[in-house]
Number of protein chains: 2
Amino acid sequence: MEPMAMSQDQDFTPPKRPLTLRDVSEASGVSEMTVSRVLRNRGDVSETTRNKVLEAARELGYVPNKIAGALASSRVNLVAVIIPSLSNMVFPEVMTGISDILDETELQAVVGVTHYKPEREEKVLYQMLSWRPSGVIIAGLEHTEASKAMLAAAGIPVVEIMDTDGDAIDAKVGISHRRAGRQMAQAIIEAGYKRIGFLGTKMPLDHRARKRFEGFTETLAKAGLEIADQEFYSGGSALVKGREMTQTILERNADEPLDFLYYSNDMIASGGLLYCLDNGIDVPGDIGLAGFNGIEFIDGLPKKLATMKAMRSEIGRAAAQIIAKRVADSSAPRGEEIVLEPELKFGETLRRKKKPF
Amino acid sequence: MEPMAMSQDQDFTPPKRPLTLRDVSEASGVSEMTVSRVLRNRGDVSETTRNKVLEAARELGYVPNKIAGALASSRVNLVAVIIPSLSNMVFPEVMTGISDILDETELQAVVGVTHYKPEREEKVLYQMLSWRPSGVIIAGLEHTEASKAMLAAAGIPVVEIMDTDGDAIDAKVGISHRRAGRQMAQAIIEAGYKRIGFLGTKMPLDHRARKRFEGFTETLAKAGLEIADQEFYSGGSALVKGREMTQTILERNADEPLDFLYYSNDMIASGGLLYCLDNGIDVPGDIGLAGFNGIEFIDGLPKKLATMKAMRSEIGRAAAQIIAKRVADSSAPRGEEIVLEPELKFGETLRRKKKPF
DNA sequence: ATGAAAGCGCTAACAT
DNA sequence: ATGTTAGCGCTTTCAT
């Protein structure tokens, strides 16, 4: 055997560089342009050449270079989705709604996470915009000036989601958290609860939780009530924290007991519910409980928690639909506003009407 | 004031197209090349020009075009992360581990979701690879032939995560699910349980759950035991399903009662635990329970569930570290294997030793 | 320390 | 139905 020949023939390894259209073109004997057309299903190509090209591409294992394609066509089928967190259970649901819609289009979601930090948001946004996406879906209406400027200047559809209490740069889809807080307060007042405690996250930058709280206290005030006590947490397992905070706040008010606990999310509310049940507290007789968000798993708890469905997947779907429409038709009007109605669930921890005397 | 001058100066609207380096170059009177150097902090640039450029860029609101940059430099700071699901709580944790590491580098994770469907995985992978990422982190060792071929041909570091029971294309990081199943079986056997039920997802393509099951039954067999009954679910709230399945399997075996239930994840196990407690079943006296995954919130349940920590964030971190190292040093050896040890937690639902007679 | 030229891998626009 | 040409907005390389 001739080692030389061998090393040329059998051991021949194509240079380890990604394949290009040109490689497919040469392998199939079809011009680059036609190869491009086949691979994108654009323009008329005869069955024969089409097959030749497809065959060659498959054989070589060619994967088109979207970077080059995007640069040449100045079309990028990416939608930047910017959210505060993934570990929250709420944002994965929004993502699901978004994907449900985008999966039917050419568009693809790319996620950036801000950890509720405005400066992180600014950075993530800058990174994302530098890929020149076709649209942006971003959580919340509060952003740094620089972020707002970037979004406004990007010249692409921007949908701010989750919250509708404030001014949007372009489109917005969400619920009014202030109103959600008011509605819950109203239900609690109507049920005759008087000594109300609030339990939430120590997170000044969670604007939606803040707005719910504001709406809540506002409505209480109109009924001549105010929050009797409050307790905040940060970090750790929310379920455990819910238990701990509940114990703390109940013990602190033992002499003049609370009769309702409003939690800023369902996870801590669930912890509170488990605490109450473990300690033989009658819910909702002695004390009523309510959370916020309607996370799926509360259905499996010993008692169904009162909560409000935050319409997360609907929000995701609506936002994605707006982007898809605007991308498809660049002359479509901007500034869409979709305000969804969160659904109040009384569950089994909030009475529907006053306790009879 | 001169209106003409005003409308030229203040009212002047730049054409609505994204800004380019050239715009910054013209605005600052510095060559495009030098502008590029300033913006990337590369090469020597005098303080004076540097400031001129930075000023102009800021003023215009210039956002670099990474598409063009990536094409010219053939460097893309993206890491494709391909996972089956986001709603699972497990993958967001892996993502967190990945981000923890990548945030210290130039690299950025881009997520693709497969919904446990091989053909979806193939498609997502193709999409991702067409952006020419610097590396791939992909869940599992089982992929279609085409997917494996793409990964092998991509010429970039590939880390397969979560599972180590099988052959990797390049690097792998995870735990041995087969071994995890064996260990749990061993603990159950040693505790003296005999009539064991299995409850899991109806998901033939969740290879990791399958391997745990195989390891589990294998070890039982060695001890002369076998699964007494099993029950599967799909869709719906896992906590609710856990309750329902538990009721079903317990009632079906009322005449010869089960004394242990092994669940394929902690969420259904939690539902089972709540069911048992609601119905006055003594856990772990009458019946022992164990799940898998160590989700954070089980700490808040009335009884701590026996489970196994699946080391998710550690897996994410290790995988990201491998990618980061290989990207930084392309001559680094490939094929890393990191097998992490899942931690068995007995909690309060699995006895540590035999019940005395 | 700065600039000029060439080209990354595609696609738009125009031939043919 | 297919091919040719000229960029897309950057960075690389080589001058100066």
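Proteins come first, then strands; the chains are lettered A, B, ... in the order of their sequence lines, and each starts at number 1.
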- Item | Bounds of contact between DNA chain D and chain A, in 5' to 3' order, using a heavy-atom cut-off under 4.0 Å | D:dA1 to D:dG9

- Query: Contact boundaries of DNA chain C with chain A (under 4.0 Å, heavy atoms), 5' to 3'?
  - Reply: C:dG9 to C:dA13

- Message: Need one value for B:Ser73: base, sugar-phosphate or nothing, where a base atom within 4.0 Å counts as base even if backbone is also close, heavy atoms only.
- Response: sugar-phosphate

Return a table of donor-acceptor pairs under 3.5 angstrom between the side chains of residues 76-85 of chain B and protein atoms on other chains or two or more places apart.
{"unit_1": "B:Asn77", "atom_1": "ND2", "unit_2": "B:Glu106", "atom_2": "O", "d": "2.9"}
{"unit_1": "B:Ser85", "atom_1": "OG", "unit_2": "B:Ser87", "atom_2": "N", "d": "3.1"}
{"unit_1": "B:Ser85", "atom_1": "OG", "unit_2": "B:Ser87", "atom_2": "OG", "d": "3.2"}

- Message: On DNA chain D, does the nearest nucleotide to B:Arg22 precede the nearest nucleotide to A:Glu32 from the 5' side, or the other way round? Give the residue.
- Response: A:Glu32

- Query: Got a sec, which residues hit side chain to side chain contact (heavy atoms under 4.5 Å, CB included) with B:Ser25, two or more places apart in sequence or on another chain?
  - Reply: B:Glu32, B:Val35

Distance-only donor-acceptor pairs under 3.5 Å for side chains of residues 59-68 of chain B, two or more places apart:
{"unit_1": "B:Asn65", "atom_1": "OD1", "unit_2": "B:Ile67", "atom_2": "N", "d": "2.8"}
{"unit_1": "B:Asn65", "atom_1": "OD1", "unit_2": "B:Ala68", "atom_2": "N", "d": "3.2"}
{"unit_1": "B:Lys66", "atom_1": "NZ", "unit_2": "A:Gln127", "atom_2": "OE1", "d": "2.6"}

- Message: According to side-chain hydrogen bond (donor to acceptor under 3.5 Å, both in side chains), who are the partners of A:Thr34, at least two apart in sequence or on a separate chain?
- Response: A:Ser31

- Item | B:Glu314: side-chain hydrogen bond (donor to acceptor under 3.5 Å, both in side chains) partners, not counting sequence neighbours | none

- Under a 4.0 Å heavy-atom cutoff, the residues of residues 40-66 of chain B touching DNA chain D are B:Arg40, B:Tyr62, B:Asn65

- Using side-chain hydrogen bond (donor to acceptor under 3.5 Å, both in side chains) as the criterion, list what pairs up with B:His207, not counting sequence neighbours. B:Arg210

- Please name all residues satisfying side chain to side chain contact (heavy atoms under 4.5 Å, CB included) with A:Ser73, sequence neighbours left out, ordered by chain then number. A:Arg75

- Item | Flag, side chain of A:Lys172 to backbone of A:Thr164, donor-acceptor distance under 3.5 Å | yes

- DNA chain C nearest-nucleotide lookup for B:Arg132 and B:Val30: closer to the 5′ end is B:Val30

- Give B:Arg75 one of three labels, base, sugar-phosphate or nothing, depending on what nucleic acid heavy atoms sit under 4.0 Å from its own. sugar-phosphate

- Contacts of type side chain to side chain contact (heavy atoms under 4.5 Å, CB included), residue A:Asp163, not counting sequence neighbours: A:Leu141, A:Glu142, A:Asp165, A:His177, A:Arg208, A:Lys211

- Under the salt bridge (charged side-chain N to carboxylate O under 4.0 Å, His left out) test, which residues partner B:Arg334, sequence neighbours left out? B:Asp170

